[in-house]
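This one's a predicted model, so the numbers in the text were calculated from it and none came from an experiment.
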Amino acid sequence: MDSLHGVTLAEAYKEAVASAPAGRVVLYTYEITHSTFPDRILIVNDYQELNATLEDGTAVVFVPCPVLVTAPEESDNAASPSISVQIDGVSAILAGRLDAAMHTYEKIGIVERVYVSDDTSSPAVMPPLSLILQDVEVGETSVTATAAYDDPINKGFPAKDYNIREYPGLNAR
């Protein structure tokens, strides 16, 4: 995408990385949640555990796991941006839980938090990116999915379903 007023997001990111202090590493973490999970799944795209603090002040440990994320192209088109996510080495952590979650009608959430290695007291990028996993495919050792924003346009209004059991006055004639 051509820049309209200055630089593109990709160019700005390259400049920020180039001017960062030597030794600082950007760490991408992912939280995967679903109501059927006994607890949230916390992974970091690194080779060692990461002790960090969430934006609400909760101290957590992210488990190392290779993650490949393909960002959407930078454009001004009307399509909702989505990213491609591939998580490898998940047989013990994620595969069984995702299999069970896919048999429900509830959405699987994923939150991307970015930390820097010299300050894990809170995410470096606020607010964290919160998306919904779609088109999830679980393999023997990897999971691939598309992550996108929830679709607020196609939600029913009002969000509450009114029925005769809860609202007997609806049946009065």
Is there any salt bridge (charged side-chain N to carboxylate O under 4.0 Å, His left out) pair reaching into residues 126-136, and which pairs are they, with sequence neighbours excluded? none
Heavy-atom side-chain proximity of S84 to T146 below 4.5 angstrom: no
I would like to know whether V143 and L98 meet side-chain contact (heavy atoms from CB on, under 4.5 Å); could you show each step before the answer? CA-CA 9 Å; V143 171; L98 280 176; 3.6 Å; yes
Checking D39 now: which residues fulfil side chain to side chain contact (heavy atoms under 4.5 Å, CB included) with it, not counting sequence neighbours? R97
Atom pairs and distances, donor-acceptor, side-chain atoms in residues 113-122, under 3.5 Å, two or more places apart:
| residue | atom | partner | partner atom | Å |
| --- | --- | --- | --- | --- |
| R113 | NE | E55 | OE1 | 2.8 |
| R113 | NH1 | E31 | OE1 | 2.7 |
| R113 | NH2 | E31 | OE1 | 2.9 |
| R113 | NH2 | E55 | OE2 | 3.1 |
| Y115 | OH | T53 | O | 2.9 |
| S117 | OG | V25 | N | 2.9 |
| D118 | OD1 | R24 | NE | 3.1 |
| D118 | OD2 | R24 | NE | 3.2 |
| D118 | OD2 | R24 | NH2 | 3.0 |
| D119 | OD1 | S121 | N | 3.2 |
| D119 | OD1 | S121 | OG | 2.6 |
| T120 | OG1 | N51 | O | 3.2 |

Does some side-chain heavy atom of V44 sit less than 4.5 Å from a side-chain heavy atom of C65? no
Which residue pairs pass the ring pair (Phe, Tyr, Trp, His ring centres under 6.0 Å) test with at least one member in residues 15-36, sequence neighbours excluded? H34-F37
Value rounded to 0.5 Å, distance of CD1 in I41 from OG1 in T33: 9.0 Å
Which distance, rounded to the nearest 0.5 Å, do you find between the CG of L54 and the CZ of F62? 5.5 Å
Using the rule that two of Ile, Leu, Val, Met, Phe, Trp, Tyr join whenever any of their side-chain heavy atoms come within less than 4.5 Å, decide whether V125 and V26 are in one cluster. yes
Can you list the residues that meet the ring pair (Phe, Tyr, Trp, His ring centres under 6.0 Å) rule with Y167, with sequence neighbours excluded? Y162
Identify, with sequence neighbours excluded, every residue that meets side chain to side chain contact (heavy atoms under 4.5 Å, CB included) alongside E137. T144
Point-to-point distance, once rounded to the nearest 0.5 Å, from CD1 of I132 to CD1 of I108: 9.5 Å
Would a 4.5 Å heavy-atom cut-off, applied to side chains only, mark T104 and T36 as touching? yes
Under 4.5 Å between any side-chain heavy atoms of M102 and V138, yes or no? yes
Side chain to side chain contact (heavy atoms under 4.5 Å, CB included) partners for A147, two or more places apart: I83, V85, I110, L131, L133
Residues in side chain to side chain donor-acceptor pair (under 3.5 Å) contact with E15, at least two apart in sequence or another chain: none
Could you walk me through whether I32 and I87 pass side-chain contact (heavy atoms from CB on, under 4.5 Å), step by step? CA-CA 11 Å; I32 302 171; I87 306 170; 3.8 Å; yes
Do V67 and I43 pass the side-chain contact (heavy atoms from CB on, under 4.5 Å) test, and can you show the C-alpha distance, the side-chain angles, and the key distance before you say yes or no? CA-CA 9 Å; V67 179; I43 57 177; 3.9 Å; yes
Any heavy-atom pair between the side chains of L129 and V111 that's under 4.5 Å? no
Decide side-chain contact (heavy atoms from CB on, under 4.5 Å) for V69 and Q86; before the verdict, give the C-alpha distance in whole Å, the side-chain angles of both, and the deciding distance to 0.1 Å. CA-CA 6 Å; V69 174; Q86 179 179 341; over 6 Å; no
According to side chain to side chain donor-acceptor pair (under 3.5 Å), who are the partners of Q48, at least two apart in sequence or on a separate chain? none
